[in-house]
Protein chains: 2
Amino acid sequence: MPEREEVALSSSLLLEDQICFSLYAASRSVTAVYRPLLDRIGLTYPQYLVMLVLWQDAPRAIKDISAALHLDYGTLTPLLKRLEALGHIERQRRFDDERTVTIRLTEGGLTLRSEALDVPIEISRALGLSAAETATLQGLLRRVTASTTEYAAGRR
Amino acid sequence: MPEREEVALSSSLLLEDQICFSLYAASRSVTAVYRPLLDRIGLTYPQYLVMLVLWQDAPRAIKDISAALHLDYGTLTPLLKRLEALGHIERQRRFDDERTVTIRLTEGGLTLRSEALDVPIEISRALGLSAAETATLQGLLRRVTASTTEYAAGRR
DNA sequence: AACAATTAACTTGTGCACGAGTTAATCGCC
DNA sequence: GGCGATTAACTCGTGCACAAGTTAATTGTT
């Protein structure tokens with residue numbers, strides 16, 4: 001077979017062998033399921049994630065939202081301004097530390113939560129996994145995130 | 001406990017319960033590991049995916065690249081123009097069907113492959129999973145992609 | 001042969017992600 | 001108490017993703 005090159009087993013460059021591609025494809029495909037559901041309440045997927053963080057515990061500093069979602073200010077600052085324009089949140093400088101901006105939920109932002117309650121149900125249906133499989137997947141994904149985060153930190 | 005609302009078990013809005021977030025976080029974290037590796041050969045991660053597709057089988061129509069990566073023309077057209085500007089690919093209208101644009105590898109695009117050979121090795125090291133775990137993860141991710149794709153198609 | 005429908009690719013506009021550089025407030029240290 | 005270092009947030013520029021609309025070539029139907 002002269003037209004097929006010999007490569008080391010663990011270094012295949014075939015697309016379907018790359019875990020990264022499965023991850024990337026799955027992530028985009030799941031986000032695509034969220035889109036029409038979130039359209040109904042007027043949020044994008046990253047905006048929904050920020051609201052999840054705030055519904056869990058608000059008011060919070062932007063720094064804390066950043067840490068929870070692993071997103072930097074360059075992403076969050078404009079996103080939070082859009083959420084503010086939508087009337088879901090308010091930003092406020094802290095008295096005792098003028099560097100910090102605190103994000104609080106408005107009345108509207110709080111009541112939006114009840115409209116989002118059925119989103120996770122619909123999503124878990126779309127994933128088509130059993131509870132056990134979901135748990136396995138989540139465990140593996142968390143380990144991947146932890147390993148790669150540490151790996152990246154080690155190269156800094 | 002009056003300050004903690006009662007919610008149905010399967011519809012938690014807690015961030016850490018959302019599989020989607022684990023998926024989103026893992027995908028971005030893995031891409032972050034690729035970034036410095038791909039910087040060395042001057043590619044972004046999506047550009048690298050396109051090159052993987054082409055190294056596997058070129059020349060190909062843009063339509064085929066789109067199908068392989070589940071990316072639409074709005075993403076691919078400018079990306080391919082950048083790869084062309086880098087000298088890795090060439091675009092060419094097909095004689096027998098003037099609608100189709102065929103993408104072929106240049107000499108430079110072909111030799112780039114050898115420089116990319118050690119990327120997957122480094123990545124699999126960074127993931128920190130055994131071969132068996134990697135296989136399990138990939139299997140679950142593929143099922144998620146298949147289920148969600150079908151689910152989205154059913155709502156069209 | 002004529003023409004409606006489909007198809008491949010492109011364009012435009014919006015919203016992430018992220019790197020790099022900037023600003024202003026606070027902290028640490030002498 | 002003063003001053004360099006750090007920190008929180010912002011800004012700017014690039015490159016995806018994706019929806020929606022456009023264009024030109026091809027196909028299918030009569």
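Each chain gets a letter, A, B and so on, in the order its sequence line appears, and its residues count up from 1.
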Measuring only between side-chain heavy atoms, which start at C-beta, is B:Asp118 closer than 4.5 Å to B:Leu37?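 Not touching, per the 4.5 Å side-chain cut-off.
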
Check: A:Leu105 and A:Met51 side chains under 4.5 Å, non-hydrogen atoms: yes

A:Gln18 side-chain N/O to B:Leu49 backbone N/O, donor-acceptor pair under 3.5 Å: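 No, because the side chain of A:Gln18 does not come within donor-acceptor range (under 3.5 Å) of the backbone of B:Leu49.
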
Does any N or O in the side chain of A:Thr77 come within less than 3.5 Å of the main-chain N or O of A:Gly74, such that one atom is a donor and the other an acceptor? no

Find the distance [X]:[atom1] to [N]:[atom2] and express it as a whole number of Å.
X        : N      : atom1 : atom2 : result
A:Leu38  : D:dC18 : CG    : P     : 14 Å
B:Asp72  : C:dA8  : CG    : C1'   : 13 Å
B:Leu71  : C:dA9  : CG    : P     : 14 Å
A:Asp39  : C:dG15 : CG    : C1'   : 13 Å
A:Ile103 : D:dA9  : CD1   : C1'   : 11 Å
A:Lys63  : D:dT7  : NZ    : P     : 8 Å
A:Arg60  : D:dA9  : CZ    : P     : 12 Å
A:Leu43  : C:dT14 : CG    : P     : 19 Å

Nearest to the side chain of [X], which nucleotide is it out of [options]?
X        : options                : result
B:Thr100 : D:dA17, D:dA9, C:dA8   : C:dA8
B:Arg93  : C:dT11, C:dC10, C:dA17 : C:dC10
A:Thr77  : D:dT11, C:dC10, D:dG15 : D:dT11
B:Tyr73  : C:dA9, D:dA19, D:dC16  : C:dA9
A:Lys81  : D:dC10, D:dC16, C:dC16 : D:dC10
A:Arg82  : C:dG15, D:dC16, C:dA8  : C:dG15
A:Tyr24  : C:dC16, D:dA9, D:dA17  : D:dA17

Would one find a side-chain N or O of B:Thr44 under 4.0 angstrom from OP1 or OP2 of D:dC16?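 Yes, such a contact exists.
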
Nearest heavy atom decides the nucleotide; on that basis, is B:Pro46 or B:Arg94 closer to the 5' end of DNA chain D?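 It is B:Pro46 whose nearest nucleotide is closer to the 5' end.
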
DNA chain D: A:Ile62 or A:Arg28, which has the more 5' nearest nucleotide? A:Ile62

Are A:Arg143 and B:Glu133 ion-paired here, with the side-chain N under 4.0 Å from a carboxylate O? yes

Check every strand shown and say whether B:Leu76 touches a base, only sugar-phosphate, or nothing at a heavy-atom separation below 4.0 Å. nothing

Is a donor from one side chain sitting under 3.5 angstrom from an acceptor on the other, for B:Thr106 and B:Glu90?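 Note: B:Thr106 and B:Glu90 side chains miss the donor-acceptor criterion.
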
Restricting to nitrogen or oxygen on both sides, can you table the protein-nucleotides 21-25 of chain C pairs closer than 3.5 Å?
none

Residue closer to the 5' end of DNA chain C, A:Thr75 versus A:Phe95 (nearest nucleotide):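 The residue mapped nearer the 5' terminus is A:Thr75.
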
Return the NE2 to CD distance between A:His88 and A:Glu84, rounded to the nearest 0.5 Å.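 It is 12.0 Å, given to the nearest 0.5 Å.
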
With B:Asp97 as reference, evaluate B:Arg93, B:Arg99, B:Arg94 under the side-chain hydrogen bond (donor to acceptor under 3.5 Å, both in side chains) test and give the passing residue. B:Arg99

